[in-house]
Structures are given as C-alpha cells and as structure tokens.
Amino acid sequence: VAIQCLETAFGVSMEDQGLAVSQTLPEIFEAVAGKELEHTRTNSEPVTPSEDDVAEAERLKTEGNEQMKAENFEAAVSFYGKAIELNPANAVYFCNRAAAYSKLGNYAGAVRDCERAIGIDPNYSKAYGRMGLALSSLNKHTEAVVYYKKALELDPDNDTYKSNLKIAEQKMKETPSP
C-alpha cells in the first residue's frame, strides 16, 4: 500500500530504472555515519582561533544579522556557518544560525544548533528560548516547556519567554498524549 501511495503521489513506479540507486539504504547510512565519525574525531581537539579569525567571524556574524533583517535567511545561514568555521566556540553563532534555520522551516537544524550553543554556554538564555520555539514548531510542546522554563530561570524578566511558555503549556494540554 505504501509503495502504491508513493507511486501515485510522485508519479513514479517501481519499473523506473532512472530512479535506481547503486547502494542500499543501510550502505548509504554507513557511508555518511562513518564520515561524520571521522570528522568528529579530527575536530575533537579544541583549536583556539587567531585574533584575525575571531575578528572575521564577528564580521561574518554581523553580515548574517544584516541578512536576517533583509529576510534573506539562506544567506544568513551561510554567513553564520562561515563564522562557526572560524570560531566554533562561540554559542551566539550557533544560536543565530538556529534562528535563521527556524525562519526557513528547518526546525531540526535549529534544534541541533541550539544544542551546540547550550553545550558551549549552558547559561545562554536565548539558546533555550530558541530551542523552545523550534521544539514548539515540531509539536514537541512538552519538551518546549522545559526549555522555556530554563530560559526564564536564566532571564526571569523576558516577556517573550513568558508568553511562549504559556502558549506551549496550553498546546500541551490540548494535544492528546500518545
């Protein structure tokens, strides 16, 4: 039934040889997972960026901020990504890219970047607030509530966190538990 639904939805059939891939899904996964593990191992040693890299990363972040104001979110993601490459120890760059990802509807990317930002700076309230927003957008209201509460713990006077927490709590009540 699933195959028939996909064939109908996308106008394809099992006989379309042009759609065939040379690897099975587990092989593709292994290839990518292996590369990520390798990349993680090579980047596990903390590298202190040079003063020039720090300055250039700040310039790129500022350019990303300008792109956000202009609502050019893809360009903002690119600028923040370049800033991260130069200075991966700055939580703000990850948090800003998370905001750009959210604007593009890439909430999973936003969650990953918020996790990185929180890992770098566990006291960065904005990362918790943006995580709550991304989780809410993914209809994970229970998890969002936890992050909004942490954001408010760090920044108790933030009205946005307060209102987002109320909304998430309300949605949590409305959504039937699985």
Side-chain angles (χ1 to χ4, degrees), residues 32-33 35-172:
V32 173
K35 285 179 186 168
E36 283 185 9
L37 285 174
E38 193 176 291
H39 183 73
T40 304
R41 267 187 249 118
T42 58
N43 288 341
S44 60
E45 298 169 21
V47 177
T48 305
S50 68
E51 283 183 35
D52 289 344
D53 284 351
V54 170
E56 178 62 8
E58 274 300 306
R59 189 193 68 74
L60 289 164
K61 179 197 82 167
T62 302
E63 184 59 38
N65 293 349
E66 292 301 317
Q67 295 301 319
M68 287 291 285
K69 288 177 195 163
E71 297 187 10
N72 190 354
F73 306 120
E74 276 138 7
V77 166
S78 176
F79 281 109
Y80 295 136
K82 290 174 186 171
I84 289 166
E85 285 174 23
L86 291 173
N87 186 3
N90 190 317
V92 173
Y93 303 160
F94 285 101
C95 197
N96 286 9
R97 188 170 70 176
Y101 276 145
S102 285
K103 292 289 189 178
L104 291 169
N106 180 354
Y107 303 112
V111 166
R112 277 193 309 274
D113 274 359
C114 287
E115 286 171 344
R116 295 282 303 274
I118 291 166
I120 294 166
D121 183 358
N123 295 316
Y124 188 30
S125 66
K126 198 178 277 190
Y128 291 95
R130 289 208 174 125
M131 176 71 101
L133 202 56
L135 290 168
S136 289
S137 299
L138 291 168
N139 292 320
K140 296 182 176 184
H141 304 295
T142 305
E143 293 173 53
V145 164
V146 172
Y147 282 93
Y148 284 134
K149 285 182 177 176
K150 181 64 178 179
L152 273 170
E153 195 179 297
L154 295 167
D155 186 2
D157 299 324
N158 189 308
D159 291 331
T160 304
Y161 300 157
K162 289 176 187 175
S163 66
N164 286 349
L165 173 62
K166 283 181 187 170
I167 292 166
E169 286 174 334
Q170 185 60 41
K171 295 225 182 215
M172 198 172 75

To the nearest 0.5 angstrom, please state how far the [atom1] atom of [X] sits from the [atom2] atom of [Y].
{"X": "Leu86", "Y": "Lys61", "atom1": "CG", "atom2": "NZ", "answer": "14.0 Å"}
{"X": "Thr62", "Y": "Phe79", "atom1": "OG1", "atom2": "CZ", "answer": "11.0 Å"}
{"X": "Ile167", "Y": "His141", "atom1": "CD1", "atom2": "NE2", "answer": "10.5 Å"}
{"X": "Asp53", "Y": "Leu60", "atom1": "CG", "atom2": "CG", "answer": "10.0 Å"}

_Tell me which pairs pass salt bridge (Lys or Arg N to Asp or Glu O under 4.0 Å) where either residue lies in residues 93-105, with sequence neighbours left out._
Arg97-Asp113

*With side chains defined as the heavy atoms from C-beta onward, is the minimum distance between Glu58 and Asn87 less than 4.5 Å?*
no

*Would you check, one step at a time, whether the test side chain to side chain contact (heavy atoms under 4.5 Å, CB included) holds for Phe94 with Cys114?*
CA-CA 7 Å; Phe94 285 101; Cys114 287; over 6 Å; no

*asked:* Would the distance check show the side chain of Tyr80 and the main-chain N or O of Val92 forming a donor-acceptor pair, the cut-off being under 3.5 Å?
replied: no

*Could you name each residue pair satisfying side-chain hydrogen bond (donor to acceptor under 3.5 Å, both in side chains) that touches residues 160-171, not counting sequence neighbours?*
Gln170-Glu174

So which atom in [X] and which in [Y] form the shortest heavy-atom distance, rounded to 0.1 Å?
{"X": "Val145", "Y": "Met172", "value": "CG2-SD, 4.0 Å"}
{"X": "Ala57", "Y": "Ala83", "value": "O-CB, 3.5 Å"}
{"X": "Ala76", "Y": "Gly64", "value": "CB-O, 3.6 Å"}

*Taking only Lys NZ, Arg NE, NH1 and NH2, and the carboxylate oxygens of Asp or Glu, determine whether Lys150 and Glu153 approach each other closer than 4.0 Å.*
yes

_Glu85/Lys82 salt bridge by N-O under 4.0 Å criterion_ = no

*With side chain to side chain contact (heavy atoms under 4.5 Å, CB included) as the test, would you mind laying out the steps for Phe73 and Met68 before giving the verdict?*
CA-CA 6 Å; Phe73 306 120; Met68 287 291 285; 3.6 Å; yes

*For Tyr148, does the OH atom sit with more than 12 other heavy atoms under 6.0 Å from it, leaving out its own atoms?*
yes

Considering only distance and modelled atom types, tabulate donor-acceptor pairs under 3.5 Å from the side chains of residues 120-131, sequence neighbours left out.
| residue | atom | partner | partner atom | Å |
| --- | --- | --- | --- | --- |
| Asp121 | OD1 | Asn123 | N | 3.0 |
| Tyr128 | OH | Pro122 | O | 2.8 |
| Arg130 | NH1 | Cys95 | O | 3.0 |

